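Step one of this worksheet: look at the structure below.
Quick caveat: nothing in here was measured; it's all calculated off a predicted structure. Note: hydrogens, waters and symmetry copies are ignored here, and every other heavy atom, side chains too, is used.
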Amino acid sequence: MSVIVCDHVSKKFQRHAAQRLLREHVTTWWKHREHVDFYALKDVSFEVKNGESLAIVGANGAGKSTLLGLICGLAKPTTGSVAVNGKIAALLELGSGFHPDLTGRENLYLNASLLGFTRRETKALFDSIVDFAGLADVMDEPLRTYSSGMAMRLAFSVALNMEPDILIVDEVLAVGDHAFQQKCLERIHKFRSAEKTLLFVSHNSSVVTEFCDRALWLDHGELMMQGDAARVVAAYEGQPILSESV
């Protein structure tokens, strides 16, 4: 069964053709302002089956984060459709869903509520979340006093301990100490063993091929290739491959 289906998805943004100084804005108030359509995604189609691990690779600006945002329901496609069947936990960027003036404890409950969990459910998992993050001594301190690595540890611990059907990880593992990164990778292995679905964005090709069955390669919003993870990564990095994946 497919848990994620993207069908001919495009996402268009509008931007000004050029930056203007204030005096130029004043002289053009009554004139038509020129806009240029910018496509972050262009006619992208793919499916992710239940229990599958899919990597999304591509250079900065390829459309990876835009695609993940559409899958998470943070935005709607301009054309096409995105269908998701299952509960998602997403680590799209460091500190997303957190408020710097709230304590770690308050942010834990806030983040869990955004993932769809009740206060009672979160309370039952509180100790295991804090233990995994290793932040028991600072849970009542404001998040603004946390290092970037500490904030990542809390976000990752909340996401995994909530046992989602679909886990989305977008480069956040690049932050933090080596020991916690290894701890996170071990937990992702367990997540995969439980036949849960993983969407993974990373510029680390070895991590991509270790954790993902398949990959798709985006370039300037266009789907260049999808198929076996090792073969797609090789094509993306310009390495020779025996034959084209489909």
Side-chain angles (χ1 to χ4, degrees), residues 1-5 48-54 56 65 67-76 82-173 175-176 180-181 183-201 211:
M1 180 184 72
S2 295
V3 294
I4 300 172
V5 179
V48 184
K49 297 187 181 301
N50 184 42
E52 189 175 30
S53 298
L54 177 72
I56 304 174
S65 294
L67 178 58
L68 295 185
L70 296 179
I71 292 171
C72 292
L74 301 178
K76 294 183 179 180
V82 178
V84 178
N85 180 23
K87 184 174 292 184
I88 291 179
L91 294 169
L92 297 183
E93 61 179 288
L94 188 62
S96 59
F98 284 169
H99 193 291
D101 293 330
L102 299 180
T103 66
R105 182 185 302 271
E106 292 166 334
N107 271 294
L108 189 158
Y109 278 95
L110 172 63
N111 200 245
S113 68
L114 293 175
L115 294 175
F117 286 83
T118 66
R119 188 172 183 84
R120 177 178 295 180
E121 290 171 328
T122 305
K123 185 177 181 180
L125 291 169
F126 183 88
D127 289 341
S128 61
I129 293 171
V130 174
D131 181 65
F132 184 86
L135 298 173
D137 294 339
V138 296
M139 288 304 293
D140 292 312
E141 299 296 327
L143 195 77
R144 65 174 179 271
T145 65
Y146 287 25
S147 68
S148 58
M150 292 164 67
M152 185 275 287
R153 283 155 58 185
L154 181 59
F156 193 90
S157 187
V158 171
L160 270 186
N161 281 280
M162 290 302 174
E163 298 186 353
D165 302 310
I166 303 166
L167 177 65
I168 297 178
V169 181
D170 184 5
E171 286 291 0
V172 294
L173 293 182
V175 180
F180 188 75
Q181 287 180 22
K183 191 176 181 180
C184 292
L185 295 177
E186 290 172 6
R187 184 60 71 90
I188 292 177
H189 270 302
K190 292 182 179 179
F191 184 84
R192 289 195 62 203
S193 298
E195 298 185 349
K196 301 293 186 70
T197 303
L198 174 68
L199 259 67
F200 198 80
V201 172
F211 284 100

task: Determine, stepwise, if the pair S65 / D170 fulfils side-chain contact (heavy atoms from CB on, under 4.5 Å).
output: CA-CA 8 Å; S65 294; D170 184 5; 3.2 Å; yes
task: Starting from the C-alpha separation in whole Å, work towards a yes-or-no answer on side-chain contact (heavy atoms from CB on, under 4.5 Å) for R120 and K123.
output: CA-CA 5 Å; R120 177 178 295 180; K123 185 177 181 180; 5.7 Å; no
query: Please walk me through it: do L154 and N111 pass side-chain contact (heavy atoms from CB on, under 4.5 Å)?
result: CA-CA 10 Å; L154 181 59; N111 200 245; over 6 Å; no
query: Going through the distances and angles, do I168 and I88 end up as a side-chain contact (heavy atoms from CB on, under 4.5 Å)?
result: CA-CA 7 Å; I168 297 178; I88 291 179; 4.0 Å; yes
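Nearest approach of A112 to T122, heavy atoms of both residues: CB-OG1, 3.3 Å. When every heavy atom of T103 is checked against every heavy atom of M139, the shortest pair comes out as CB-O, 3.6 Å. The minimum heavy-atom distance linking S128 with L125 is given by the pair OG-O, 2.8 Å.
How far CD1 of I4 is from CG of N50: 10.5 Å, rounded to the nearest 0.5 Å. Rounding to the nearest 0.5 Å places CG of L114 at 9.5 Å from CZ of F98. For the atom pair CG of L108 and CG of L102, the computed distance is 12.0 Å after rounding to the nearest 0.5 Å. Rounding to the nearest 0.5 angstrom, the gap separating the CG atom in N107 from the CG atom in L143 is 5.0 Å. To the nearest 0.5 angstrom, S53 atom OG is 10.0 Å from H189 atom NE2. Distance check, rounded to the nearest 0.5 Å: CZ of F132 to CZ of R187 gives 4.5 Å.
Inter-residue side-chain proximity for D165 and V3 is flagged as unmet; no heavy-atom pair is nearer than 4.5 Å. For the pair L135 and M150, the minimum side-chain heavy-atom distance is below 4.5 Å. With contacts defined as side-chain heavy-atom distances shorter than 4.5 Å, the pair L199/L68 qualifies.
The side-chain contact (heavy atoms from CB on, under 4.5 Å) test with V84 is passed by exactly one of V5, L70, I166: I166.
A cation-pi geometry, defined here as NZ or CZ lying under 6.0 Å from the six-membered ring centre and within 45° of its normal, holds between K87 and F117.
The environment of E163 atom CD is sparse: at most 12 non-hydrogen atoms of other residues, nucleotides or ligands sit within 6.0 angstrom.
In terms of modelled atom types and a separation under 3.5 Å, the side chain of R192 and the main chain of L198 share no donor-acceptor contact.
Between F126 and Y109, the angle of the ring planes stays under 30°, which puts this pair in the parallel group of the 30/60° scheme.
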